[in-house]
Amino acid sequence: MPMQNGLFYEPNRKGRGVHLVNVGDMYTAAPISIETLDLFDATTSQIQNFRAQEGDLFFTRSSVVPSGIAYCNILPDCKEADVVFDSHVIRVRANPNIMDARFLYLNCLGVHSRKYLVSSAKTATMTTIDQGALKRCPVLVPPLPEQRAIATALSDVDALLDGLDRLIAKKRDLKQAAMQQLLTGKTRLPGFKGEWEVKRLGDMGGFLKGSGVRKDEAQSGDLPCIRYGEIYTHHNDYVLSYNSWISSSVASTAVRLKKGDILFAGSGETKDEIGKCVAFIDDREAYAGGDIVILRPHEADPIFMGYYCNTTPVRKQKASRGQGDAVVHISATALSSVEVKVPSLPEQTAIATILSDMDAELAALEQRRNKTKDIKQAMMQELLTGKTRLT
C-alpha cells in the first residue's frame with residue numbers, strides 16, 4: 001500500500017485554490033466532507049504530486065495526546081474537485097486487487113489496530129508516528145468479497161446513525177421554535193386568551209437556600225441530592241435523574257426539596273450562565289446542596305417555570321444581577337426582583353406538556369442512537385476480527 005506525506009502548508013496561500021485535507025479533518029465524521037475542506041493555492045506541480053482520490057486514507061502524523069495519533073479518515077468520490085493533502089497527515093492508498101478501502105478504513109479504527117498504532121507512536125513534546133510504523137500495523141484480511149460485505153454492512157449502520165442524527169437535529173430545531181413561540185405568548189394554544197401577567201419571582205413564592213454538601217459526601221448514601229454544579233452539567237430545565245447520593249446523617253443538615261420547587265444555581269463561571277434553572281418534579285425524598293437558591297412558588301407549573309426561567313429575556317436579567325469576577329454569584333434577593341410574564345396556570349401546564357413531550361421524544365431518539373452506536377461497535381469487534389464471518 002503506497003504511503004506519502006503531504007505538501008508543506010503555507011498560511012498565506014490559504015483561502016483560494018483547491019481543496020486541502022489537513023489534521024482537523026481526521027476527527028470529523030467519515031467520509032471526509034469535500035465541501036467543508038479548506039482551500040489552498042497549490043501549484044500545478046503540487047496538485048500533480050499530491051492529488052488525492054476516492055478511497056484514500058489519511059492518518060494524523062502528530063497529536064498533543066497519544067490517543068489522537070494516527071487517527072484515520074477516508075476520502076469519498078472527489079472526481080468533481082481537485083483535492084490535495086497537508087504534510088501533517090500521511091496518505092495511504094489501498095491496492096484494490098487485494099483490499100477494499102472502506103474495509104481498511106474500518107480496520108484502522110478497530111481496537112486491535114488502534115492499540116498497535118498508539119503503542120508504536122513516539123512521545124516527546126508531541127506524540128508522533130511515521131510511515132514505517134503504519135506499514136507494520138497488522139491488518140486481518142479476509143477474502144475481498146467478504147471485505148466488501150463487511151464494509152457494506154457497517155456502512156448501512158452508519159447510514160442509520162446519520163439518519164438518526166439528522167432527525168434529532170430536526171426535532172431539536174422544532175423544539176427551539178416551539179419554545180420561542182409558546183414561552184413568549186407569540187403563539188397561543190387553542191382555548192387560551194387574555195394577557196399574560198407581569199410578576200416578579202419574589203411575588204410568586206418564597207426563597208430559601210440549600211446547605212453545603214461536600215464532594216466526599218456526595219456518594220455517601222442512597223438519598224438523592226442536587227449540587228449546584230450539576231444544574232449546569234447534568235440537568236436540563238427539570239430534574240429527571242441524579243448524580244449525587246447522600247447519607248441520612250448528611251441529609252439531616254441539608255435542605256429537603258419539595259415537589260414543584262424551582263432551583264437556581266447560585267454560583268457560576270460567567271454572568272451569562274449564572275442562575276441556570278431546573279424544576280424539581282420528583283415525588284422522592286431529595287435534598288439541595290449549597291449554592292442552590294430555591295424558589296418555592298405558591299401557584300405555578302414547575303416544568304413551565306423550568307423552561308421559562310432559562311429563556312433569553314430571563315437570562316439577561318439574571319446576568320445583570322450577578323456579582324463577582326472569577327466566580328459569579330447571584331442571591332435570592334437579586335433573583336426575587338427578576339420580572340417574568342406568565343399566563344394562567346392551565347396555560348402554563350398546557351405549554352409544559354407540549355415541551356416535555358418533545359423532550360421525551362428527543363430522549364427516546366437519542367437513546368436509540370446510542371444503542372445503535374453500541375451495536376456498531378459490537379459488530380466491528382466481531383466482523384473485523386473474524387470472530388463472526390459473513391456468508
Side-chain angles (χ1 to χ4, degrees), residues 183 199-221 223-247 250-282 284-298 300-342:
L183 295 175
K199 297 182 179 181
R200 292 180 177 176
L201 288 178
D203 298 330
M204 299 185 70
F207 279 94
L208 56 156
K209 187 80 163 56
S211 302
V213 173
R214 298 194 311 268
K215 187 176 181 180
D216 62 308
E217 295 173 332
Q219 299 298 326
S220 61
L223 294 173
C225 176
I226 302 169
R227 304 176 74 222
Y228 89 92
E230 296 164 354
I231 292 179
Y232 294 112
T233 60
H234 188 66
H235 304 294
N236 188 26
D237 300 321
Y238 48 91
V239 174
L240 288 175
S241 59
Y242 302 91
N243 266 0
S244 298
W245 302 82
I246 59 176
S247 65
V250 175
S252 66
T253 59
V255 173
R256 182 169 177 174
L257 293 170
K258 181 179 179 181
K259 185 176 182 180
D261 282 349
I262 313 300
L263 316 183
F264 297 88
S267 298
E269 294 183 358
T270 68
K271 288 188 176 182
D272 288 338
E273 70 174 15
I274 190 66
K276 184 186 173 185
C277 171
V278 296
F280 180 72
I281 58 172
D282 204 338
R284 282 186 289 179
E285 177 183 354
Y287 294 84
D291 269 351
I292 289 180
V293 182
I294 305 163
L295 170 62
R296 189 157 287 170
H298 302 311
D301 186 282
I303 297 179
F304 174 87
M305 293 300 294
Y307 286 118
Y308 184 87
C309 289
N310 288 322
T311 59
T312 299
V314 180
R315 285 175 54 206
K316 287 181 177 179
Q317 292 187 67
K318 291 184 289 188
S320 69
R321 290 162 172 77
Q323 300 291 323
D325 295 316
V327 178
V328 184
H329 301 278
I330 192 166
S331 66
T333 301
L335 284 168
S336 67
S337 67
V338 170
E339 288 190 347
V340 294
K341 191 175 183 180
V342 295

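This chain uses plain numbering: 1 for the first residue, then up along the sequence.
- Annotation for A332 and F207: closest pair CB-CB, 3.8 Å, computed over non-hydrogen atoms.
- Considering all non-hydrogen atoms of both residues, I281 and I303 come closest at CG2-CG1, 3.8 Å.
- Between H329 and S267, the shortest heavy-atom distance links the atoms ND1-OG, 2.9 Å.
- At least one donor-acceptor pair under 3.5 Å links the side chain of K318 to the backbone N or O of C309.
- You'll find the side chain of S337 reaches within 4.5 Å of the side chain of R321, heavy atoms only.
- Side-chain contact check for I262 versus M204: every heavy-atom pair is 4.5 Å or farther apart.
- A side-chain hydrogen bond (donor to acceptor under 3.5 Å, both in side chains) with S244 is found for one member of E217, K215, E230, Q219 and no other, namely E230.
- I330 is not listed as a side-chain neighbour of F264, based on a closest heavy-atom distance of 4.5 Å or more.
- Taking 4.5 Å as the limit, some side-chain heavy atom of S241 sits within range of a side-chain heavy atom of H234.
- Counting heavy atoms from C-beta outward, V340 and R200 have side chains that stay 4.5 Å or more apart.
- A distance of 10.5 Å separates CD1 of I226 from CD1 of I246, quoted to the nearest 0.5 Å.
- Residue-environment remark: CD (E285) exceeds the threshold of 12 foreign heavy atoms within 6.0 Å.
- A 6.0 Å sphere centred on CG of D216 holds more than 12 heavy atoms belonging to other residues, nucleotides or ligands.
- Although no hydrogens or angles enter the test, the distance criterion places no donor-acceptor pair under 3.5 Å between the side chain of Y287 and the main chain of T253.
- Rounding to the nearest 0.5 Å gives a distance of 10.5 Å between CE of M305 and CG of N310.
- D272 has its side chain out of reach of K316: every pair of non-hydrogen atoms, C-beta onward, lies at least 4.5 Å apart.
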| field | Audit row: I274, R315, side chain to side chain contact (heavy atoms under 4.5 Å, CB included) steps and yes/no | value | CA-CA 8 Å; I274 190 66; R315 285 175 54 206; over 6 Å; no
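- For the atom pair CG of L263 and OH of Y228, the computed distance is 15.0 Å after rounding to the nearest 0.5 Å.
- When every heavy atom of I294 is checked against every heavy atom of A288, the shortest pair comes out as CD1-CB, 3.9 Å.
- Counting only heavy atoms from C-beta outward, the side chains of D282 and V239 never approach each other to under 4.5 Å.
- For the residue pair V293 and G266, the shortest heavy atom distance occurs at CG2-CA, 4.3 Å.
- Remark: the backbone N or O of H235 is paired with a side-chain donor or acceptor of K276 at under 3.5 angstrom.
- Closest non-hydrogen pair, P302 versus A279, comes out as O-CB, 3.0 Å.
- Side-chain contact between P224 and W245 is present, with at least one heavy-atom pair separated by less than 4.5 Å.
- Using the six-membered ring where Trp is involved, Y307 and Y238 have ring planes that are perpendicular, over 60° apart on the 30 and 60° scheme.
- Side chain of Q317 to main chain of E339: a donor-acceptor pair is present (N/O by atom type, distance under 3.5 Å, no hydrogens or angles).
- R296 places no side-chain N or O within donor-acceptor distance of the main-chain N or O of L208, the cut-off being under 3.5 Å.
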